[in-house]
*Asks:* 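Can you read through this structure? Questions will come right after.
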Amino acid sequence: MANNALNGGQVIVDYLIREKVPYVFGLCGHGNISFIDALYERSSDIKTISVHHESVAGFMADVYYRVSGQPTATFTSCGPGSANLPICLANAFFDSVPFLAVTGNVPTSQFNRGAFQETYRHFQADFPSTVRAYCKRVFQPTRGEMVPLAMRQAWKTMVTGRPGPVVLDVPFDIFKEAAATETPKPEDWSANISCRCGADPEGVTKAVDLLLAAKRPVILVGQGVKYGGAAADLLRLAERLQIPVACSASGMGAIASNHPLALGLVARNGHYQANHAARQADVLLALGVRFDDRTSSSWLPGYSFTIPPTQLIHVDIDPDEIARNYPVALGLMADVRTFLRQVLAELDHRKSKPGGLGHRAWLQDIAGYRKAWDAFIAPGFQVDTTPIHPQRAAHEIDQALPEDAILVSDIGIHHNWLLQYCKPKRPDSLVGSMGFGPMGFGVAGVLGAKLAAPDRPCVSVCGDGAFFMHASVLGTAVEYNIPAVWVVWNNYAYASIRGLQRGYLEGRELATDFRHPETGKPYNPDFAAMARSAGVEGVSVDRAADLADAVRTGIAAGRPYLIDANIGADLNPGGAGVWELPGLGQSKPAFGVRYRTA
Ligand SMILES: Cc1ncc(C[n+]2csc(CCOP(=O)(O)OP(=O)(O)O)c2C)c(N)n1
Ligand SMILES: [Mg+2]
């Protein structure tokens with residue numbers, strides 16, 4: 001390394017430190033030991049967390065960002081080690097979450113020779129092709145001196161525009177090869193770039209005209225509001241114009257659920273007042289939301305939305321999402337927070353009065369919808385059975401969480417129950433995956449949440465299927481003393497999928513539940529005992545009345561804690577929308593009917 005003081009691995013690590021990355025999450029292999037060596041040298045500046053499955057590292061990095069706003073990095077070896085990561089890349093990509101995945105590869109001198117773990121049958125060292133569809137960009141420096149450029153470009157790509165994960169794929173020798181005398185400075189290459197672009201001024205005027213003329217306006221918020229830091233401005237606009245706010249599943253918490261203007265969830269399983277208001281709206285202001293099938297009741301008009309005739313104002317940082325699924329009266333490419341501030345400034349300019357819209361009747365109608373929905377769901381809160389009624393379970397968990405708690409949900413029927421019956425107060429109160437939906441996201445993600453917010457209670461609610469799939473998290477929590485709480489929503493089944501077999505396939509059930517071969521009874525490991533065997537506190541709960549206390553005790557324990565909760569599997573959370581599995585059929589709304597325009 002004659003004139004060059006830093007090798008490739010050192011440049012990467014130094015850049016991460018300059019970007020104030022506190023943690024890297026990963027798993028070793030021969031392909032990345034030189035990178036780990038560079039981390040070793042800087043252990044006092046950046047902490048390395050070694051996990052027991054690469055996807056745990058990816059989900060930790062993902063949720064770390066969702067809670068703190070600080071991107072981090074993962075490290076995985078060549079071949080299979082990195083092949084365990086794409087599920088996390090896809091999850092982060094689809095939910096617009098940045099993290100840097102440093103993946104090892106075979107030495108450049110061995111490209112195309114089919115060396116151990118080389119992906120070579122179509123192209124040399126071809127990990128980039130493997131992940132191309134699942135990340136924002138892949139960089140593969142093949143000489144040491146290419147590393148500084150690749151590193152700074154990777155970071156910039158990751159955090160600018162619509163954020164997303166980026167892969168830095170580094171051949172074995174490049175970690176050790178001389179790279180640079182100095183690492184690039186973030187101040188020069190990424191830290192001073194703003195992507196808070198506003199909407200075009202005429203568009204803002206038009207948006208304000210539409211909102212002020214509306215008789216039945218609704219604001220629909222998605223993840224862009226939460227992670228774009230726009231919640232405070234959203235509230236200002238909603239209160240000023242007295243416009244009710246509905247959320248997609250990813251937007252839940254952008255406005256506190258107990259705010260009088262908060263409608264709740266619009267979705268196939270959405271709250272009646274949210275769906276029924278959104279589908280009748282004359283003007284719908286959609287902010288950082290992308291109208292996927294679950295939000296939109298499979299785009300069947302009259303369940304979640306009726307666009308047209310609803311006039312849609314769709315604001316997003318990514319124009320690709322605008323008019324993807326619905327025609328727009330006005331589409332504006334903008335950062336949501338900047339747009340909201342533009343609208344507020346325009347209202348100031350016009351001296352429009354708060355609540356001066358005369359749509360009081362609209363708010364009264366909505367209050368009626370809310371009352372009807374509350375009456376419909378009321379009985380579920382009272383049920384006291386074993387296994388625990390899922391509505392009751394979601395409610396008890398919610399009740400036990402202090403206001404600053406972070407609940408990280410996994411994927412499955414439990415997530416749907418949580419979305420309906422938890423009442424998030426803050427943008428990061430309820431973290432979930434909606435784009436890719438990989439089992440394990442919440443099981444592992446809670447560890448990232450706790451590292452990002454050590455002073456806040458962090459609870460994962462996860463399915464028994466997903467927990468068993470990712471039970472190695474117990475070891476990681478112990479090794480790094482991460483006091484996460486897992487509530488294993490134990491229904492002895494891949495219940496969400498079994499529900500589909502029951503709903504769409506006349507109950508032909510196969511491969512969706514867990515049974516003992518001799519007794520035929522529901523089978524699962526004893527998760528509480530499993531936790532204890534790993535050195536994690538573990539308890540089992542059978543009764544609804546004990547669940548909230550168990551969660552409180554788990555939070556108070558201040559050490560990793562698992563609650564194995566026996567929860568009923570035979571119910572689906574009913575909502576005001578529908579979902580279609582093309583070719584199999586459509587579900588029916590559990591409450592209300594399809595809205596039809598005259
Ligand atoms: C990695 C992965 N495999 C399969 C699926 C398909 N899938 C979605 S939900 C689900 C069932 C999950 O079972 P469990 O974790 O027990 O949650 P439950 O639905 O019972 O609450 C499955 C298999 C998935 N989303 N991710
Ligand atoms: Mg299950």
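On a predicted model such as this, the values are computed, not experimentally measured, just so you know. When a ligand or atom number is given, it counts from 1 through the structure's own listing order.
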*Asks:* Quick one: does any side-chain atom of N84 pair with a main-chain N or O of T76 as donor and acceptor, under 3.5 Å?
*Replies:* no
*Asks:* Decide, yes or no, whether a salt bridge links K423 with D398 under the criterion of side-chain N to carboxylate O below 4.0 Å.
*Replies:* no
*Asks:* What part of A493, side chain, backbone, both or neither, has a heavy atom within less than 4.0 angstrom of ligand 1?
*Replies:* backbone
*Asks:* So Y272 and H276, would you call those rings parallel, tilted or perpendicular, with 30° and 60° as cut-offs?
*Replies:* parallel
*Asks:* Look at atom 2 (C) of ligand 1 and find which of M439, R498, H415, H414 reaches it with the closest heavy atom.
*Replies:* M439
*Asks:* Would you check whether G465 has a nitrogen or oxygen atom less than 3.5 angstrom from a nitrogen or oxygen atom of ligand 1?
*Replies:* yes
*Asks:* Would you indicate whether the side-chain heavy atoms of T476 and L447 approach each other to under 4.5 Å?
*Replies:* yes
*Asks:* Please report whether ligand 1 has a polar contact with D464, defined as an N or O pair separated by less than 3.5 Å (distance criterion only).
*Replies:* yes
*Asks:* Going by an N to O cut-off under 4.0 Å, is there a salt bridge joining E321 and R162?
*Replies:* yes
*Asks:* Checking a contact table here: which protein heavy atom is nearest atom 18 (P) of ligand 1, and how many Å away?
*Replies:* I413 N, 3.7 Å
*Asks:* Could you tell me if S296 and D293 have a donor-acceptor pair between their side chains, going purely by distance under 3.5 Å?
*Replies:* no
*Asks:* Using a plain distance cutoff, I'd like to know if F514 has any nitrogen or oxygen under 3.5 Å from a nitrogen or oxygen of ligand 1.
*Replies:* no
*Asks:* In the protein, what heavy atom is nearest to atom 25 (N) of ligand 1, and what distance, to one decimal place, separates them?
*Replies:* G437 O, 2.8 Å
*Asks:* Would you kindly say whether H52 and E479 are connected by a side-chain donor-acceptor distance under 3.5 Å?
*Replies:* yes
*Asks:* How are the rings of H414 and W489 set to each other: parallel, tilted or perpendicular (split at 30° and 60°)?
*Replies:* tilted
*Asks:* List the closest protein heavy-atom neighbour of atom 15 (O) of ligand 1: residue, atom name, distance to the nearest 0.1 Å.
*Replies:* A466 N, 2.9 Å
*Asks:* Which of the protein's N, O or S atoms come within less than 2.8 Å of the Mg ion (ligand 2), not counting waters?
*Replies:* D464 OD1, N491 OD1, A493 O
*Asks:* Can you name the residues that form a side chain to side chain contact (heavy atoms under 4.5 Å, CB included) with L584, not counting sequence neighbours?
*Replies:* Y504, L505, L581
*Asks:* Residue-level breakdown please: for N491 versus ligand 1, do any non-hydrogen atoms fall below 4.0 Å on the side chain, on the backbone, on both, or on neither?
*Replies:* side chain
*Asks:* Counting non-hydrogen protein atoms only, what is the nearest one to atom 11 (C) of ligand 1? Give residue, atom name and distance.
*Replies:* S496 OG, 3.4 Å
*Asks:* Have a look at ligand 1 and work out which part of I497, if any, has a heavy atom under 4.0 Å from it: side chain, backbone, both or neither.
*Replies:* side chain
*Asks:* Taking N or O atoms only and a 3.5 Å limit, does I87 qualify as a polar contact for ligand 1?
*Replies:* no
*Asks:* Going by atom type alone, with no hydrogens or angles, which donor-acceptor pairs under 3.5 Å involve a side-chain atom of residues 556-568 and a protein atom two or more places apart or on another chain?
*Replies:*
{"unit_1": "R559", "atom_1": "NH1", "unit_2": "E537", "atom_2": "OE1", "d": "3.1"}
{"unit_1": "R559", "atom_1": "NH2", "unit_2": "G535", "atom_2": "O", "d": "3.3"}
{"unit_1": "D564", "atom_1": "OD1", "unit_2": "N490", "atom_2": "ND2", "d": "3.1"}
{"unit_1": "D564", "atom_1": "OD2", "unit_2": "F527", "atom_2": "N", "d": "3.4"}
{"unit_1": "N566", "atom_1": "ND2", "unit_2": "D542", "atom_2": "OD1", "d": "3.0"}

*Asks:* Flag this pair as yes if the NZ/CZ of R132 is under 6.0 angstrom from the six-membered ring centre of Y134 and inside a 45 degree cone about the axis; otherwise no.
*Replies:* no
*Asks:* Just jot down the ring pair (Phe, Tyr, Trp, His ring centres under 6.0 Å) partners of F123, sequence neighbours excluded, or say none.
*Replies:* none
